[in-house]
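Notes follow once the structure below has been shown.
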Amino acid sequence: MSQPILQLDTVSKIFGEGASQVYAARNVSLSLTPGRTLALVGESGSGKTTVARLIMREYHPDSGQLLFRNEALGKGDAKAIKAYRSAVQMVFQDPFASLNPTHTIRYHLDRPLKLHQKQLSGAERLASARELLERVKLDPDQLLAKFPHELSGGQRQRISIARALAVNPQVIVADEPTSMLDVSVRLGILNLLNDMKRELGLALLYITHDIATARFVAEDIMVMYAGQVVEWGAMESVLGNPQHPYTRLLLAAVPDPDRRFADTPPGSELDQIETIRRNAALPQPETLQVGENHFIRPMPA
Amino acid sequence: QEGNVLTLASEQTTTFVRNFNPFGQTSARYTTLDFMYEPLVVFNRLQGNTPHFRLAESYELADDLMSITFTLRDGLKWSDGEPLTADDVIFTYDYIQKFPALDFISVSAQLASVEKVDDRTVKFNLLEPNSLIANTIVGMPIVPEHVWAEIEDPVTFANENPVGSGPMTEITRFTPQVYEQCRNPNYWDAANLSVDCLRMPQLADNPQVLAALADGTLDWATSFIPDIDNTFVARDPEHHKYWFTPSSLVSIQVSQITPDENNRKAFTDVNFRRAISMIVDRQTIVDIAGYGYPLVNDDPASLGELYSAFANPEVATEYGQYGQFDLEAGMALLDEAGYVDADGDGFRDNPDGTPIKIDFMVPNGWTDWIDAVQIAMETMVEAGINVSMSTPEAAVWTSSLISGEYSMTLNALASAADPYFPYIRSFNPDDFGKSRFTAPHWENAEVMELLGQYTQTKDPAEQKAAMDRLQMIIGENMPIIPLYNSPSFYEYNTSRFTGWADAEDPKFSPVVSNANPARLLQLLDLEPVAQ
Amino acid sequence: MAFLLRRLAFYLAAFMAAATVNFFLPRLMPGDPIQIMFASAGSELSLENLNALKLTFGFIDAPLHEQYFAYIKSVFTGDLGRSIKYFPLPVTELLGRALVWTLGLVGIATIISFTLGTTLGVMAAWRRGKLFDSIVSLIAIFSSSVPAIVVSLILLFVFGYTLRWFPNGYAANPLLDPAWNWTYISSVLYHGTLPMLTLVIVQTGGFAVTMRNNMINLLGEDYIVMGRAKGLADDQVMLWYAARNALLPTVSSLAIAIGTVLGGSLIVEVVFNYPGLGNTLYQAILARDYPVIQGQLLIMTAAMLVSNFVVDLSYVLLDPRLKKA
Amino acid sequence: MPLFKQLLSNKKALVGLTLLVLIILIAVFAPFLSEYSPTRRVGRPHQAPSWDHWLGTTRLGHDVFTRLIHGARVSLAVGFGAGLLITIVGTILGILAGYKGGWVDEVINFFTNMVLVVPNLPLLLVLAAFIGQASPLVIAIILGCTSWAWGVRVTRAETLSIRQRDYVKSAEMLGEPSWRIMVFEIFPNLFSIVGINFIGSVIFAVIAEATLGFLGLGDPNSVSWGIMLFNAQNASALSVGAWWDLLSPCFALALLGLSLALLNFAIDEVANPRLRTGGMLKKWTRMVLVGEGKL
Amino acid sequence: MSAPVLSIRNLNIDYVGAEKNFHAVKDVSFDIAPGEFFGLAGESGCGKSTIAFAVSRLHRPPALIRTGSEIIVGGRDVLDLDTAELRSFRWREVAMVFQSAMNSLNPVLTIEDQFYDVLRAHTKISREEARARAAELLKLVDISPDRLKSYPHQCSGGMRQRIVIAICLALNPKLLIMDEPTTALDVVVQREILQRIDVLRKRLGFSVLFITHDLGLMVQVSDRIGIMLQGELVEVNDAATIYKSPQHPYTKRLWASMPRLHGEQIKPEASS
Ligand SMILES: Nc1ncnc2c1ncn2[C@@H]1O[C@H](COP(=O)(O)OP(=O)(O)OP(=O)(O)O)[C@@H](O)[C@H]1O
Ligand SMILES: Nc1ncnc2c1ncn2[C@@H]1O[C@H](COP(=O)(O)OP(=O)(O)OP(=O)(O)O)[C@@H](O)[C@H]1O
Ligand SMILES: [Mg+2]
Ligand SMILES: [Mg+2]
């Protein structure tokens, strides 16, 4: 396995003060490796987006650090930050909000090229833009002059990916890139991400609450709950043998056409969730390795 | 049973404040002077300044003109029944000495001392000989010592329940919207007084006064009324009447010390001033800007109709042409004097070729003046004079006039009993930099000497000689360019009261404004119409 | 509570700032106030007389900061000095008198136009696209575009001068003594009709539009649809589900409207010679009555602050989400 | 821009725009539309409307129609000048406050709220009176300096919401400088807010000019609708029955206000599709009436 | 078999447009039997909500239910009801749970008020009785009656959705329509709520029209399923058949593009 390119080292992010303090991320550690996808799953509000934003340096960690190529990235180093920017890009959840409605597709692809590949001439940039569109399986002749509102959701999401690729990134963070898309186009995007990872050797962080799609794209998985990573490791190991009670609950709840609803009295899951929520606030015990490349942070007794 | 009530409008305001302090020029109700505090004497300007003796039964000017003695009537009483004596007069003058802020006519500065001769007689000793001092002295109201001696701060004292000497002293009703002022129970001249109460409704502006006049509410008013024959008289031709009498002089003035060197060359040249005078169309200004109400003043000596009794006919024969509107002649005069367009910009320049550029200043918001200036400028521009109008705030305008740092302006000068006053107010170098009336900053030693002579003699012939000579000098130099005498407005309704002064019977000025003491005479002449 | 406290702190700061601006305003302007005042009064005074008067009116030549603190202190002790034009009336009393009229005029006009406007807005939104809606929109466009000055002059021309149905000045017949009897009150109402009408005409449209748009934005909300699905009467859904929620943002627009109303009432008061704050301010400006001008700006600001605060309060009352559990 | 296209297909916008263009054209070509000069006496005082003087004459004998169309220039210039100033200041401060946040926001927001609670017109009045002889330019500048607060408030609110959009985020992540984000990413999306702010400010400025003029605080040398109102009022136009003198500028003001308000409503409708009623509701009603369906 | 609770026949719905009408529901017909859990699936914009709204006649212009459509509930055509009948029909016979838990409760009314207004609109009930009934209904969904005094914003999303369900049951309706009732919720909560509905319908005997685009979930809970595509109902069958042997190519494609959590993963086809 190759070296991780980007790491979070026990990073925490706290919002609010005093009583209303929220640990949006608590001692989160992860590493992204070229050519591999890490899936980050968890319920809404568990801190997934916060992790993404920490990686995108939109937030600065309250503790812990962000390592890029094994070097801690400070606040001030402009040059390092620029290099980081051109290496790490993001694809957003909502394809309708991630493109500026007042600019053409060409503008959206031109800007990153202009910013990060200054040596290119106008004509070269146009060529690159066409190339990018072809790479995401779109027709440049049709699309370059269009405005976002003239495109379908799937097309927009592809444009977002093309824009992210325009800077020649090594890491792509995709925050629920398909949750707003229809089932039938969803797969196309996931396949595209898989292709990119393979062909360009990208390190991918795939954030989702849909564990099924996570399984489809990722080699590794991390399960988050209330700002903490509760279980992580190789995909098949975690899915096949979930150890943490929350992971189990989550997996049990994922819709599965193969299993009809049993006549279990409802309510038990909610009680368990309550227990887990209460425990999440307690001091956390050490990490426990439960298999080869499979770890959990067990619930305190 | 309220007797007969006369409704009048002498004051325009949005709210009445109960203030009857006769020294408060801006804040007291306008019915305070004359009606509440009777003057010693009322001089009748319409009748050659004849004295109507009121609180005083006579006065005597010393032969050396260095003192004047007033004798009060016998048995005068204040409205509260206390006797009114020479002590009250002495008290009043001591009082304004002690509180200079009260001396709104600046009379103290002319007095050396005021002394009591006996209970009814007071002697004023002057600092300089002055034949006209009586006119000034009667402007100061006399207040009761037994009331005012106790007042700590008379400047801010509101005198809400006045004790006065005039015909109407009792406030029977007072609200911000209306007040009533009724008979003085101890009035000395009650026999002549037929009106029982004055009622003053609050009226904020001319249109409101017009509305009240038109529907017959008001008996007596002073207000500008546009198109008065249609808007007022026509509503009830039998009873709705008016009579406008000429009053303060409005003139074009240029500064002899204007900061712009080139303009100064022109302004100090009498030919230029004469030409300007010939170029402005006085009649149109009066007709349009003034609704025809003012009286054209084309007297090069600036006195005009108002002081016709004093006029020197030679002035008209010698210089009269310079007061007449004649565009051609005015332009010819300019050409002749060398004011031609030297640089080809379409405007006339100085004879030496330097440009003239005049800023015609008039206070913002004074619309009739602004209209007048616009009309005057029409012909001035036609004559090739580079002139434009500016309208600074009145305060800025005032201070420019005081300092002389302006080029051209309109200025007004209140009318007086005697032409001496307009002349001394306009040309006294002692007042340069102090008063806006000296705005032209025009100096002439002979004028000052003649003015001195005029007040320092009692001999009418001597006075006339001095006045004639004065008029010739002014007429020759035209330091100010007269336009018109604006009218005093006087509207009245004969349906409830008769006895009004009018053009047929100009017995005195009937204007009810607080600047006209003769309004007291008018009040006393009114008789209710038998119902 | 914290919300209200924060607002309160802001209002205090705003008031202080307004008072400060107020203090400096006349001092930065050219000219000597007393001289200006007497120039406009047309009276001639000697310099000595002038200086004596100046002292009496408290124009002392103290250092600026001393004057400033003295001013702030007097403001907070409710002493706004005395009017020069209406001497010796204390400014507070003069403004107090005027305030009553303005409050009555503006208050009632605002209540009428707010009620009318919001009702129209609610009904227009509910009948969206129908004739009623088009009419309301048209009315709203007219109402929000035609200036108060135009409306008041036209009303004055038509009803005051031409038809002579209404008086063209005053708040009441000046010959009547103020009293709580029908004669006086009816006179007040009669005199107040045209000014009131002007204000209602120029304000109603704005409220109607705000309310209509808020309503329309809300009508797609699930809880409105649920209200209908529950089988509730249309009126109940319209009022308790839609209007009640749409009112919240409208109420905050009310606060901003107060400022506009004060401005609008100024022109209306001048045109109709109504003895309110606006007219008083106008007269004071003409007479350069500085104490009144200053006091006036302060009172108007304070009125704005108070109405804003009232709006804040009612917001808290209307919206349970702001009530701290 | 699709917004423009939509605007052109909006009936209100069309009517408003036509009116406005007409007024502007009349103002621009004023000297060619009347043989008279606006500042010269060309008739007797207060002549009633006639063939020679379409809208009669003023008290001074000026031609009312001539003054009206020349006055349109000043009123429009003040309106658009002040409107532009107000909008520029409001938009810049609004975007800065909304995007930059932190102390920049605190400061701007504080001042904005402060200015919002000071009653605007009275303040204007006092300022104009103190400055004196307020020429149209001065009025425009005072208006610009005192009336930006509302614009800041709405622009800031909108910026705050746009700032959260993913396209702004992604521009940040691409390393776009913040001025570029404000100018090219946020500003174009504020079209409707800025447009509404601009037109609203123009209406406000036109009205304010007229009001100041009417109250006698304007420069009598200039020919504007406000000054016309002032002159007419001073000439007691209503009491002497010269209604044309006073009502002409009134109607001109109303017409200009109406055209701008129509535009503003149209922008609002275009920017917020929910407010649009359009033709489909009429069509719908027709279809229901002929029994093609129901709800 | 007894008569269907809901029988939709030839339902055609247009959204009237200024130029062109949008034909959102095309000739749709299906039945729901008493006690049946009927699922309606399809992609965003295919017309699912439009059908749901039509059943309670909740549409506003420019929606237009074309003449010839029939929606039969309890033997009568809903489209023929007048205003008063419609009002009493709503909620008493068909109740509805909306998409967003956050927004389907009126934010300015307490929970109790929102029970009370529906009870009062349909029954003669006093405030006290209504409170008792509301408390009872809340217990059905495991919520403490204390909550009656709360405002919606004081409850969590899952709680709010359960409150809505309780309100739905207030009048013992025959049919409960749920339009994507759980998309805003976590999977755990979502599953919990659906299980509860399932239990309640078995106990109380109402039918359910369940709308979602999550096919996997639908197969888990529904008895029968209808698949919609661009306004048309392309396939109706029982859940097992839809899953095991889908007939329509579109249904097949849907299954093919659904990644699996367990067992064999679908083939990553070349992205198109
Ligand atoms: N800017 C912020 N200020 C305050 N709290 C925040 C902020 N951003 C996130 N939070 C809180 O931090 C926690 C984690 O939020 P985050 O957005 O990371 O969750 P998530 O897992 O991405 O949820 P979702 O699946 O809904 O996107 C939440 O409780 C959220 O309310
Ligand atoms: N008010 C409207 N005016 C015009 N078209 C509309 C309107 N409401 C909905 N539509 C169109 O009707 C179609 C069906 O909408 P509907 O809301 O029924 O879809 P849906 O299947 O519920 O989708 P989703 O899963 O996104 O809720 C959509 O294409 C939509 O664009
Ligand atoms: Mg998230
Ligand atoms: Mg839907």
Side-chain angles (χ1 to χ4, degrees), chain A residues 41-46 136-137 153-154 158 178-196 198 209-217 236 239-240 246 249-273 276, chain E residues 37 41-46 141-142 157-159 162 182-200 202 212-222 229 239-240 242-244 250 253-263 265-272:
Chain A
V41 300
E43 73 166 36
S44 158
S46 59
V136 296
K137 312 267 182 334
R158 284 169 199 266
T178 60
S179 69
M180 310 276 279
L181 297 177
D182 278 333
V183 190
S184 47
V185 287
R186 203 173 275 181
L187 203 64
I189 299 294
L190 294 180
N191 282 330
L192 182 62
L193 286 175
N194 266 337
D195 294 350
M196 297 298 112
R198 234 175 291 122
H209 57 253
D210 182 353
I211 304 182
T213 61
R215 178 172 176 237
F216 184 76
V217 292
E236 293 308 324
L239 294 191
Y246 178 71
L249 211 53
L250 193 62
L251 286 174
V254 171
D256 183 349
D258 285 319
R259 294 183 301 179
R260 287 275 306 173
F261 271 18
D263 289 306
T264 48
S268 52
E269 284 96 342
L270 290 186
D271 293 344
Q272 288 186 44
I273 284 277
I276 298 169
Chain E
F37 204 119
E43 282 179 3
S44 167
C46 68
V141 291
D142 257 355
M159 214 184 264
R162 279 184 285 155
T182 51
T183 32
L185 303 177
D186 298 326
V187 276
V188 179
V189 181
Q190 162 181 314
R191 178 185 163 84
E192 200 273 336
I193 284 181
L194 284 175
Q195 278 188 335
R196 188 179 296 277
I197 292 279
D198 201 33
V199 169
L200 284 171
K202 280 173 186 151
T212 186
H213 53 249
D214 190 337
L215 259 182
L217 180 65
M218 183 153 278
V219 168
Q220 277 187 290
V221 292
S222 302
L229 174 63
I242 291 277
Y243 178 44
K244 295 282 194 293
Y250 174 67
R253 210 171 79 230
L254 284 182
W255 286 124
S257 56
M258 219 178 92
R260 297 294 148 82
L261 182 60
H262 300 288
Q265 186 58 282
I266 53 167
K267 297 244 152 40
E269 48 173 302
S271 51
S272 53

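So you know, we letter chains A, B, ... as the sequences are listed, proteins then strands, and number each from 1. Note that the coordinates shown come from a computational prediction; the quantities given were computed from them, not determined experimentally. Computation of the quantities below employed the complete heavy-atom set of this structure, encompassing side-chain atoms and omitting hydrogens, waters and symmetry-equivalent molecules.
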Checklist entry - Between E:Val219, E:Leu261, E:Val221, which shows the greatest number of heavy-atom pairs under 4.5 Å with chain A? => result E:Leu261

Item to check | Region of E:Ile193 that comes under 4.5 Å of a non-hydrogen atom in chain A | outcome: neither

Next on the checklist: What part of A:Leu251 gets within 4.5 angstrom of chain E, counting heavy atoms only: side chain, backbone, both, or neither?
Outcome noted: both

Checklist entry - Quick one: what part of E:Arg253 sits under 4.5 Å from any heavy atom of chain A, side chain, backbone, both or neither? => result side chain

Next on the checklist: Testing E:Asp198, E:Val199, E:Leu200 one by one against E:Lys202 for a side chain to side chain contact (heavy atoms under 4.5 Å, CB included), which residue passes?
Outcome noted: E:Asp198

Item to check | Heavy-atom donor-acceptor pair, E:Ser257 side chain to E:Leu254 backbone, under 3.5 Å | outcome: yes

Item to check | Qualifying residues under side-chain contact (heavy atoms from CB on, under 4.5 Å), relative to E:Met159, sequence neighbours excluded | outcome: E:Ile143, E:Arg147, E:Cys155, E:Ser156, E:Arg162

Checklist outcome for this item: Applying side-chain hydrogen bond (donor to acceptor under 3.5 Å, both in side chains) to E:Ser44 and not counting sequence neighbours gives none

Next on the checklist: Can a donor-acceptor pair be found, under 3.5 Å and without considering hydrogens, that links the side chain of E:Trp255 to the backbone of E:Ile242?
Outcome noted: yes

Checklist entry - Which bit of A:Ala252 comes within less than 4.5 Å of chain E, counting heavy atoms only: side chain, backbone, both or neither? => result backbone

